[in-house]
Amino acid sequence: MQKRLKDLYLELLAAYGHQGWWPAISPYEVMVGAVLTQNTNWKNVEKAIANLKAADCLHPSAVLAARNARLEALIRPTGFYRQKAERLKCATETWTQMSARKSKMDTMALRARWLAVKGIGKETADSILLYAYGRPVFVVDAYTRLFCSHHGLFEAKEYDEYRRFFESNIPGCVPLFKEYHALIVQWAKQKRKK
DNA sequence: CCCCAGGATTGCT
DNA sequence: AGCAATCATGGG
């Protein structure tokens, strides 16, 4: 593990503590959160998740059976609710299809399958792979790029260049990937407050 | 009143 | 290939 990346990780962990992103909830709920949080404050996502749960609509069969208008009303606090209602259905179809096959699939093949879903880009796909499926994929976002440039770690244009930078310089350990990404987000939030 | 949030797609150049 | 417009609610 590259020393600089390890030191920074330990610093973040000491400063902010264990973030515990997406802990004791169902993997499906993680996937729903990954879609709903696109360009949206997590607090708003929590409201939508609570709405879905209260309506007993937080499982694949219920989402697939729900009318779009109903889904839209439930996830409204997350914004972009028309797009997201459709995206949630598309993602849920894939989720259901993959439930039986995913264990046999290579991580990159699974990633390609998710990237083919409308409304699922690289960051959302990787969040699903890491936090819902437990695959060793490093999630990159705008904060990750800011973090890299702020500490003089790495500069690039493409999403996948950043992803591979982390994947090839820290151990391919799922809990570490989960925690590191969450800590970077926390770091950026704190930094913004100043 | 402004800007942003745990993005992705489409369309134009 | 790059870049702007679009989607839309809630909080600072």
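Reminder, nothing fancy here: chain letters follow the sequence lines and each chain counts from 1. In this text, all values refer to a predicted model and were calculated from it rather than measured experimentally.
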What interatomic distance, in whole Å, is found between [atom1] of [M] and the corresponding atom of [N]?
{"N": "B/dT10", "M": "C/dA8", "atom1": "P", "value": "14 Å"}
{"N": "B/dC2", "M": "C/dA5", "atom1": "P", "value": "16 Å"}
{"N": "C/dC3", "M": "B/dG6", "atom1": "P", "value": "24 Å"}

Round to the nearest Å and state the distance from [X] atom [atom1] to [N] atom [atom2].
{"X": "A/R82", "N": "B/dT10", "atom1": "CZ", "atom2": "P", "result": "17 Å"}
{"X": "A/I49", "N": "B/dG6", "atom1": "CD1", "atom2": "P", "result": "15 Å"}
{"X": "A/I120", "N": "B/dT10", "atom1": "CD1", "atom2": "P", "result": "13 Å"}
{"X": "A/K84", "N": "C/dT6", "atom1": "NZ", "atom2": "C1'", "result": "14 Å"}
{"X": "A/F80", "N": "B/dT10", "atom1": "CZ", "atom2": "C1'", "result": "14 Å"}
{"X": "A/E46", "N": "C/dT9", "atom1": "CD", "atom2": "C1'", "result": "15 Å"}
{"X": "A/L129", "N": "B/dG6", "atom1": "CG", "atom2": "C1'", "result": "16 Å"}
{"X": "A/L88", "N": "B/dA8", "atom1": "CG", "atom2": "P", "result": "15 Å"}

Give, for atom CZ of A/F138 and atom CZ of A/R164, the distance between the pair rounded to the nearest 0.5 Å.
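So the CZ of A/F138 and the CZ of A/R164 are separated by 14.5 Å.
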
Which value, rounded to the nearest 0.5 Å, describes the distance between A/F165 atom CZ and A/E155 atom CD?
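A/F165 atom CZ to A/E155 atom CD measures 10.5 Å (nearest 0.5 Å).
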
For A/A156 and A/R145, which heavy atoms make the closest approach, and how far apart are they?
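Heavy atoms only, the tightest pair is O-NH1, 4.5 Å.
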
Kindly point out which of [options] is positioned nearest to the side chain of [X]?
{"X": "A/N39", "options": "C/dG10, B/dG7, B/dG6", "value": "B/dG7"}
{"X": "A/Y143", "options": "B/dT9, C/dT9, B/dG6", "value": "B/dG6"}
{"X": "A/T124", "options": "C/dA8, B/dA8, B/dG6", "value": "B/dA8"}
{"X": "A/Q83", "options": "C/dA8, C/dT9, B/dG6", "value": "C/dA8"}

Mark yes or no for whether A/N51, through its side chain, and A/L74, through its backbone, hold a donor-acceptor pair below 3.5 Å.
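Checked: pair present.
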
Report which part of the nucleic acid A/V35 touches: base, sugar-phosphate, or nothing (heavy-atom distance under 4.0 Å, all strands).
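Nothing, no heavy atom under 4.0 Å.
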
Could you tell me whether A/K122 contacts a base, only the sugar-phosphate backbone, or nothing, with contacts defined as non-hydrogen atoms closer than 4.0 Å?
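Contact class for A/K122: sugar-phosphate only.
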
Please answer whether C/dA8 and A/Y81 are stacked, defined here as ring centres separated by less than 5.5 Å and planes angled under 30°.
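No, the aromatic ring of A/Y81 does not stack with the base.
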
B/dG6 base stacked by A/W21? Criteria: ring centres under 5.5 Å, plane angle under 30°.
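Stacked: centres under 5.5 Å apart, planes under 30°.
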
Apply side chain to side chain contact (heavy atoms under 4.5 Å, CB included) to A/R113 and A/Q97, showing your working.
CA-CA 11 Å; A/R113 178 65 187 83; A/Q97 288 176 19; 2.9 Å; yes

Does the side chain to side chain contact (heavy atoms under 4.5 Å, CB included) test come out yes or no for A/K178 and A/Y131, once each step is laid out?
CA-CA 7 Å; A/K178 288 182 177 178; A/Y131 292 100; 3.6 Å; yes

Step by step, work out the side chain to side chain contact (heavy atoms under 4.5 Å, CB included) result for A/M31 and A/W114.
CA-CA 11 Å; A/M31 188 280 281; A/W114 276 99; 4.2 Å; yes

Dot-bracket for DNA chain B, 5' to 3', Watson-Crick and G-U pairs with both distances under 3.5 Å, [ ] for crossing pairs, | for partner on another strand, reads ..|||.|||||||

Between A/L13 and A/F147, is there shared hydrophobic-cluster membership here, with clusters defined by ILVMFWY side-chain heavy atoms closer than 4.5 Å?
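As far as the 4.5 Å side-chain criterion goes, A/F147 and A/L13 are connected within one cluster.
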
